[in-house]
Every structure is written in C-alpha cells, then in structure tokens.
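Quick notes on the structure that follows.
Numbers for residues simply follow the sequence, beginning at 1.
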Amino acid sequence: MDQITPKTAFAQWAEPISNELFAEQVQLHCLDHYTKKLHMASFMNLLLYAQLHETESLRAVSDSVFSEELQEATNLDSISFSQLGRRLRQVPTEFFQAIFLDLVSQIHEATDFQTRRKRTTPLKIIDSSTLPLNLNSHRWAEFRKTKSGIKLHLRLVFLENGCSYPDQAVLTNAKEHDRGQLEVLVDDKECLYVFDRGYLDYERFDRMTDEGYFFVSRLRKNAVVRTLEHFDLPEDTVVLSDEMVVIGTTQNRSENAFRLLKVLDSKGNQLNLVTNRFDLSADEIAELYKSRWAIELFFKWMKQHLNIKKFYAQSQQGVHNQVYLAMIVYCLNVLAQLRTKSKRTYLQISRYLKASLWKSSHIWIRKIEDKSVP
C-alpha cells in the first residue's frame, strides 16, 4: 500500500460525506447555478479545512488557499474573503443539517445502534449551551441589553466505550428556555434520557411517563415533594436516600409518582435526582446521571477546539451554518476513529489532523470513563 500523504489523509477523513447526498442537496437548493469559480465542493473543503486548523476569519481562510495542499483539495488557486462571506450567507442551513444527519446515521450503523436499541436501553443526554455573539454585529440575536447569543440544544448518544456523539441539534436565540425543546429531542421510547434541572416541568414529566418515555433528571433543592414510600439501601451505596414521591405543590402537582434519590457529588454537594425508572438500583440511577457530564465536556471541547469562538458571519444563517460545520467535523472525527482498521493508518491520519483537535477528543472520553467525574 502506498504511504498515506496529507492529501490522501484529508480525502480519507472527509470520505464519509456522501457524494450522492451532496449533489442532491446542491441541486435541491440550486447552489451551483451560475457559479463560475467557488463551487460547493470547493467551498465545503475550504470550510472543513478552516475548522480543522482553527482558522479565525474568512480573510485567513482566503490566505490559506495559497498553500499547496489546499489548492489540491479545492481546485482553487485563490479566492476572495468577500466571496466566501457571500457564499456562507447564501447556503441554507438545511444543506449542512442534511450532511450532519447523514453522518450521524453512519455512526449509528458503525456502532450497531439499532441492535443496541433492541437488547439494551441506550442512553441519550440532553443539554444546551449558549454561544456568545458580538452585540453590535448580531442584533438579531440580542437577549440582554449588552449581550447577543444563540443557544445550541443538543442530544448526545452516550456509549460506555467513549464513542459518544451528537445525533440531534436545535439552534435558537439564547433567550429561548430549554424546556421547550424536550418535545423535539425526546422521540425514542427505547432510549433513556438524562437531562439537568433546566428542563424541569412536572406536566411534561407526567406526559413523558404516560407515553412510555424514561428519564433521569435533577430536581431543585427547594422543590416541594410528598414522600409516599422509603426504599431500603445497601450498606455500601453512595446514595443517601431513595424514595417514592409526588412532586409539586397542591396547585401544580405531578399526577404520577416518581422516584427521588439524594446523592453527593465529588465536591460533597447534595444532588436530588428524579426518575420514573423503578426497576434499577439506586447506584445505577446515580451512575446514569453522572454520565451527563459527557455533554458538558463535549461543549467544552467544541468551543475550545473548533472555531465557533469567533464566527465568520454576521447573519443568522451564516452563524447557524458554522455551528453545523463544527458538528460535521466532530462526526467525521468519530467516523475516522471507528473505521481506521490499523494502528499505522490511524496514526498517519491523526498526524495530519490538528493535533489538539484529534487528541482532545480522547481526553474528554477518558474523563467520562473516570469514576471520579461528578
């Protein structure tokens, strides 16, 4: 086999992007009509390169076209940053969303997700993260007098071997409350959902329970509860108490009984966990909630190692496009890790990719598997 070069390594890394789907989306949205130079294939490779190398501006992306490796990947010898900006504003977010969802389906297949749904109860973690924007440049995203921002509502498929990945995302203005997105992100009765107290809604908890969805969440410390029954705990447990309760006041009370567990995190703080699973042990419920830390580490990784700290565009569509591009890059990394059959091939591809980008995706995986994580 020929030695893998930077050019072929980049091509192998981006290979999961379906040519058929790409061409179909380009035709559907008429993206290459009357285009003389910056076709979507070249534009996509430029954007992927920019994300991999943490390029901070479209002007810097334009300058990087002078490099030989990028010229080979894009068939461009020069391009103006103004052309890049117009292109990023014009491409509908649905285009990048379709590419992202197709990569997710490939990860599902590579990890045998459908079989796991039948044999076990896959864990899906839901949370959101606010991405700050410059108020002067992004007035459309204003949510405070001095701040602008968007919120990424994300669902992460959690795997015990560390190969966790996002499989659904919703972008809203930062002032949008988290609770409203549960209707979109909870859609599979074969999975168990873990989310934080930002999604606290007694009526929705009742509806999820009645419809057959299982969840583990965190209850506020000042929540009103009425204990119906106390459950016995083993001697070596980390759980402080395990009860069957009804949550809420007389005016706003849950119709179903839930399970309330009190546990201590690694810093000694008490956490009140609520769930509608009564068939698992108290320690198993505590471990399930601990896995929620995976999505926090994902957001941290995404902000640090993919270039969404400084957005290329000022328009809403351009900003949303860049967020989906970041998730596309992450999914391509996951697929590269899953499909590299030999250690040598893995090392050759990883040397080409940004070292911090590649290695950091393993750091948070190790943190998730560390039992000391809260």
Worksheet item: So, are E183 and R204 salt-bridged, with charged N and O less than 4.0 Å apart?
Response: yes

Item to complete: Might you work through the salt bridge (Lys or Arg N to Asp or Glu O under 4.0 Å) test for R292 and E296, ending with a clear yes or no?
Response: CA-CA 7 Å; R292 198 196 66 81; E296 299 286 356; 3.1 Å; yes

Fill in: Lys/Arg-Asp/Glu bridge criterion (N-O < 4.0 Å) met for D178, K151
yes

Discussion item. By the salt bridge (Lys or Arg N to Asp or Glu O under 4.0 Å) test, which pairs, at least two apart or in different chains, include something from residues 211-239?
Written reply: none

Discussion item. I'd like to know if M40 and L48 are part of one continuous hydrophobic network [Ile/Leu/Val/Met/Phe/Trp/Tyr, side-chain heavy atoms within less than 4.5 Å].
Written reply: yes

Practice prompt. Name all pairs fulfilling the ring pair (Phe, Tyr, Trp, His ring centres under 6.0 Å) condition that reach into residues 102-124, sequence neighbours left out, sorted by first residue then second.
Written response: H108-F113, H108-Y165

Item to complete: Take R119 and D112 through the test salt bridge (Lys or Arg N to Asp or Glu O under 4.0 Å) and record every step on the way to the result.
Response: CA-CA 11 Å; R119 295 179 179 175; D112 207 10; 5.8 Å; no

Practice prompt. Find out if a path of hydrophobic residues (ILVMFWY) with successive side-chain heavy-atom gaps under 4.5 Å connects V329 to L338.
Written response: yes

Discussion item. Are I285 and L264 linked, directly or through intermediate hydrophobic residues, by side-chain heavy-atom contacts shorter than 4.5 Å (ILVMFWY only)?
Written reply: no

Response to the item:
Excluding V186, membership of its hydrophobic cluster (Ile, Leu, Val, Met, Phe, Trp, Tyr; side-chain heavy atoms within less than 4.5 Å) reads I126, V170, L182, V184, L185, Y193, F195, Y199, L200, Y202, F205, M208, Y213, F215, L219, V225, V245, I247, F258, L260, V274

Worksheet item: Any Lys/Arg nitrogen of K189 or D210 sitting under 4.0 Å from an Asp/Glu carboxylate oxygen of the other?
Response: no

Discussion item. When you measure from the side chain of Q114 to the backbone of E109, do you find a donor-acceptor pair of N or O atoms at a distance under 3.5 Å?
Written reply: no

